[in-house]
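For reference, the structure discussed in these notes is given below.
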Amino acid sequence: MTYDNDTLDYFLEHQLQLFPEEVASTREEADEFLEECFATVCKNVKEVREYLDDVADISGMSDSDIINCEEVFSLPNGRYLVLDV
């Protein structure tokens, strides 16, 4: 998957949301790391739910619970970056 610069920049600025220390310091490092994590960008909460339903047990979770998971990054443009860690 190819990540746009907005996604990479957002991840770089907010990576401590999920990790105790920085895992990347450049766009290139962020891109490589996200690829290794099989991260995906979803257009909306419905897509996040569908993606997570394939990789985790999210039954009983509300949309709010899902978008507040550490693995879900709410991008400024309304999309979501979801890491499979």
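Keep in mind that what you see is a predicted model, and the values were worked out from it rather than measured. The chain is numbered in sequence order, starting from 1.
- Distance alone, capped at 3.5 Å, places no donor-acceptor pair between the Glu22 side chain and the Gln15 backbone.
- Side-chain heavy atoms closer than 4.5 Å link hydrophobic residues (I, L, V, M, F, W, Y) into clusters, and following such links, even through other members, never connects Leu18 to Leu52.
- Within the 3.5 Å criterion, the main-chain N or O of Arg49 finds no donor-acceptor partner in the side chain of Asp53.
- Residues Leu8 and Leu34 meet the side-chain proximity criterion, which asks for heavy atoms closer than 4.5 Å.
- Transitive grouping of hydrophobic side chains (ILVMFWY, heavy atoms separated by less than 4.5 Å) brings Met61 and Val82 into a common cluster.
- Ring geometry for Phe33 against Phe11 counts as parallel: the plane angle stays under 30°, on a 0 to 90° scale with 60° as the upper cut.
- Cluster annotation: Val48 is not connected to Phe73 through the hydrophobic network of ILVMFWY side chains, with a link wherever side-chain heavy atoms come within less than 4.5 Å.
- With contacts defined as side-chain heavy-atom distances shorter than 4.5 Å, the pair Tyr80/Val41 does not qualify.
- A 4.5 Å side-chain heavy-atom check between Leu12 and Ser25 finds every atom pair outside the cut-off.
- The line from CD1 of Ile66 to NZ of Lys46 is 13.0 Å long, rounded to the nearest 0.5 Å.
- Atom CD1 of residue Ile67 and atom SG of residue Cys42 lie 12.5 Å apart, to the nearest 0.5 angstrom.
- The two residues Ser59 and Asp57 come nearest to each other via the heavy atoms OG-OD1, 2.8 Å.
- Follow the hydrophobic side-chain contacts under 4.5 Å out from Met1 and you never reach Val55; the two are in separate clusters.
- Judged by distance alone, the side chain of Glu47 and the main-chain N or O of Asn44 form no donor-acceptor pair under 3.5 Å.
- A donor-acceptor pair under 3.5 Å links the side-chain atoms of Gln17 to the main chain of Val72, judged by distance alone.
- For the atom pair CG (Leu83) and SG (Cys37), the distance works out to 5.0 Å, reported to the nearest 0.5 Å.
- The salt bridge (charged side-chain N to carboxylate O under 4.0 Å, His left out) search around Asp9 returns Arg27, not counting sequence neighbours.
- Under a hydrophobic-cluster definition in which Ile, Leu, Val, Met, Phe, Trp and Tyr are linked whenever side-chain heavy atoms come within less than 4.5 Å, directly or via other members, Leu75 and Tyr51 are assigned to different clusters.
- The shortest heavy-atom contact between Ala30 and Ala24 is N-CB, 3.5 Å.
- Checking Ser74 against Arg79 by side-chain atom types alone, no donor-acceptor pair falls below 3.5 Å.
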